[in-house]
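The structure appears below as structure tokens.
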Amino acid sequence: AELDLAGLVLFNPVLDLHFRAGWTEQRPFVRIGSWFLRTRYGLSALEQKSPIHQVRSVPYATLIFHGAQDEVVPLAQSEAFHEKMQQRGNSCT
């Protein structure tokens, strides 16, 4: 289905439900939450549903706002997503 969008704006987004990027920077409750998600849904389901694994070519720009001091979602997630978006030829800042 075609969406009538001018662009996407993401604010401190969770882009990897497995929390791979920046895992060493995670606070204990984030590690526990990640463990719970893996236990409840399974690793393959998390990988299938994570936005970082759903990146495809999109016709609109994406703007990511993510604070470097975020203690819940590591900035590395947004950096990894940004890189994948650009690899697919998307405009992502």
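These values consider heavy atoms only, across backbone and side chains, with no hydrogens, waters or symmetry-generated copies.
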Rounded distance [0.5 Å steps], CG in L63 versus CG in L10: 8.0 Å
Cluster overlap Y41 with L17, hydrophobic side-chain contacts below 4.5 Å: yes
Donor-acceptor contact below 3.5 Å, side chain D70 vs main chain V72: yes
From L75 atom CG to I64 atom CD1, the distance as rounded to the nearest 0.5 Å: 9.5 Å
Donor-acceptor under 3.5 Å (Q77 side chain, V14 main chain): no
OG on S34 to CG on D16, rounded to 0.5 Å: 8.0 Å
Check: N90 side chain, V58 main-chain N or O, donor-acceptor pair, under 3.5 Å: yes
Distance, nearest 0.5 Å, that separates OG of S78 from CG of N12: 7.0 Å
Residue pairs fulfilling ring pair (Phe, Tyr, Trp, His ring centres under 6.0 Å) with at least one residue in residues 63-93, sequence neighbours excluded: F11-F65
Pairs satisfying side-chain hydrogen bond (donor to acceptor under 3.5 Å, both in side chains), at least one member in residues 43-65, at least two apart: R20-E47
Qualifying salt bridge (charged side-chain N to carboxylate O under 4.0 Å, His left out) pairs, either residue in residues 74-93, two or more places apart: none
Heavy-atom pair of closest approach, residues A80 and I52: CB-CD1, 3.6 Å
